[in-house]
Amino acid sequence: MSITTSAPATTSDASAPLLAANALACRRGDRVLFKGLDLKLLPGQVLWLRGANGRGKTSLLRLLAGLSTPEAGTVERRDGLLYVAHANALKEDLTVLESLRFLARLQGRDTTEAALVDALRLFGMASRRDAPVRTLSQGQRRRVALSRLALAPSAPVWVLDEPFDALDVDGIATLNGLLSRHAQAGGGVVLTSHQALTLSEPAPREIQLDEVAR
Ligand SMILES: Nc1ncnc2c1ncn2[C@@H]1O[C@H](COP(=O)(O)OP(=O)(O)OP(=O)(O)O)[C@@H](O)[C@H]1O
């Protein structure tokens, strides 16, 4: 069974998918969370993965990112994927700048300090570059974690778990702008969000995990 999407196909259907899940099944413990799940992410698309708490959104994102192995099915992805987990994975005792450098290196990126500061500036965090992470609010931590998205050149596929969590109105606008530019440049995004999206360009395609077979 295929998952359903709420928007019609886009004109980029002719392009090769950035990411494709085929007949995917996921088991956590003794429970099958979903099975027979098909999904394609085309260049220029933002997919909004929805579903009730515990339905398996994070589990699916981790499968798409190659961080866990499916019970059945396959995931095909182009080279270059950036995964931002729900947890910010920032070290409390590092500074903001050190944290972003560390995250960039985990991605295999050796980025100049100027580029790191530019990315922080986009999220309004450049002035806190020397502050220890432990002194930041939740929203500020989210901004630092998301600054990875602003490091150019970026991976074509972004997999983002609750990226809007804890962001204020300005932070949401900044992230929306980044998502739009990424899609316009031919990238693709799969994200989860319990809050309604305000992104309009491109209009996100909804994927309702509650409708997928267990
Ligand atoms: N390590 C684990 N071992 C066993 N079961 C797990 C494990 N991690 C998660 N689960 C279970 O898998 C199910 C799906 O969890 P997941 O985090 O993917 O859901 P979600 O849709 O992202 O939820 P939420 O909206 O609450 O973030 C849950 O019922 C959870 O209890």
Side-chain angles (χ1 to χ4, degrees), residues 1-7 17-41 45-77 81-91 103 106-107 133 136-149 155 157-169 171-172 175-176 178-179 182 187-199 203-214:
M1 172 185 157
S2 295
I3 54 174
T4 55
T5 58
S6 65
L18 296 166
L19 187 67
N22 310 297
L24 215 52
C26 177
R27 176 187 292 276
R28 298 307 297 262
D30 59 356
R31 292 194 313 131
V32 175
L33 296 178
F34 52 82
K35 61 186 177 187
L37 187 151
D38 297 324
L39 172 154
K40 276 188 174 53
L41 174 67
Q45 277 188 330
V46 173
L47 301 185
W48 178 15
L49 182 58
R50 307 191 68 182
N53 285 140
R55 190 57 180 82
K57 299 176 299 297
T58 294
S59 302
L60 174 55
L61 292 188
R62 289 178 53 83
L63 289 176
L64 296 178
L67 296 172
S68 57
T69 308
E71 169 91 346
T74 57
V75 177
E76 301 159 57
R77 66 181 80 76
L81 183 143
L82 176 51
Y83 176 71
V84 178
H86 192 184
N88 291 313
L90 304 173
K91 304 278 181 212
L103 291 172
L106 278 183
Q107 281 168 238
V133 165
L136 302 184
S137 71
Q138 284 307 314
Q140 289 169 331
R141 288 166 191 240
R142 200 63 183 145
R143 284 167 174 253
V144 174
L146 291 167
S147 295
R148 269 175 291 172
L149 302 177
V157 179
W158 292 356
V159 176
L160 313 177
D161 200 348
E162 294 289 339
F164 292 99
D165 198 29
L167 291 183
D168 63 14
V169 171
I172 290 169
L175 181 54
N176 278 341
L178 268 175
L179 296 174
H182 183 63
V189 182
V190 186
L191 59 78
T192 60
S193 176
H194 282 297
Q195 60 191 98
L197 296 187
T198 54
L199 180 70
R205 290 171 64 107
E206 293 185 32
I207 296 173
Q208 185 50 263
L209 202 50
D210 293 337
E211 296 171 4
V212 179
R214 296 181 202 247

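Because the structure is a prediction, the values reported are computed rather than measured. All ligand and atom numbering here is 1-based and tracks the order in the structure.
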**Fill in**
One should read off an interatomic distance between F164 CZ and T198 OG1, to the nearest 0.5 angstrom, of 6.0 Å

**Prompt:** What's the shortest distance from atom 31 (O) of ligand 1 to any protein heavy atom, and which residue and atom give it?
**Reply:** R31 NH2, 4.4 Å

**Asked** Which of the atoms of ligand 1 are close to K57, meaning less than 4.0 Å from one of its heavy atoms?
**Response** 18 (O), 19 (O), 20 (P), 21 (O), 22 (O), 23 (O), 24 (P), 25 (O)

**Message:** Would G56 count as a polar contact of ligand 1, with the cut-off being nitrogen or oxygen pairs under 3.5 Å?
**Reply:** yes

**Prompt:** Any idea which part of H194 is under 4.0 Å from ligand 1, heavy-atom wise: side chain, backbone, both or neither?
**Reply:** side chain

**Request:** For the residue pair L60 and L37, establish whether any side-chain heavy-atom pair is separated by less than 4.5 Å.
**Result:** yes

**Request:** Starting from atom 17 (O) of ligand 1, locate the nearest protein heavy atom and write down its residue, its atom name and how far away it is, to 0.1 Å.
**Result:** T58 CB, 3.6 Å

**Asked** What is the closest protein heavy atom to atom 26 (O) of ligand 1, and at what distance does it sit?
**Response** N53 ND2, 3.0 Å

**Fill in**
Taking every heavy atom of L24 against every heavy atom of F34, the minimum-distance pair comes out as O-CD1, 3.8 Å

**Request:** Would you tell me which option among G51, G54, A52 has the nearest heavy-atom contact to atom 28 (C) of ligand 1?
**Result:** G54

**Complete:** Under 4.0 Å from one or more heavy atoms of L33, ligand 1 contributes atoms 12 (O), 13 (C), 14 (C)

**Request:** Using a 4.0 Å heavy-atom cut-off, say whether L60 meets ligand 1 through its side chain, its backbone, both or neither.
**Result:** neither

**Fill in**
Candidates R28, R62, H86, R27; heavy atom nearest atom 3 (N) of ligand 1 found on R28

**Nearest-0.5 Å distance, NZ of residue K40 to CG of residue L19** = 10.5 Å

**Item:** D165/R141 ion pair, N-O < 4.0 Å
**Value:** no

**Request:** Provide the number and element of each atom of ligand 1 under 4.0 Å from a heavy atom of S59.
**Result:** 14 (C), 15 (O), 16 (P), 18 (O)

**Message:** Do L41 and V46 have side chains that approach each other closer than 4.5 Å (heavy atoms only, starting at C-beta)?
**Reply:** no

**Prompt:** When R50 is tested against each of E206, E211, Q208 for side-chain hydrogen bond (donor to acceptor under 3.5 Å, both in side chains), which residue passes?
**Reply:** E206

**Fill in**
Taken to the nearest 0.5 Å, the spacing of L61 CG from L64 CG works out to 6.0 Å

**Prompt:** Under a heavy-atom criterion of less than 4.0 Å, does E162 contact ligand 1?
**Reply:** no

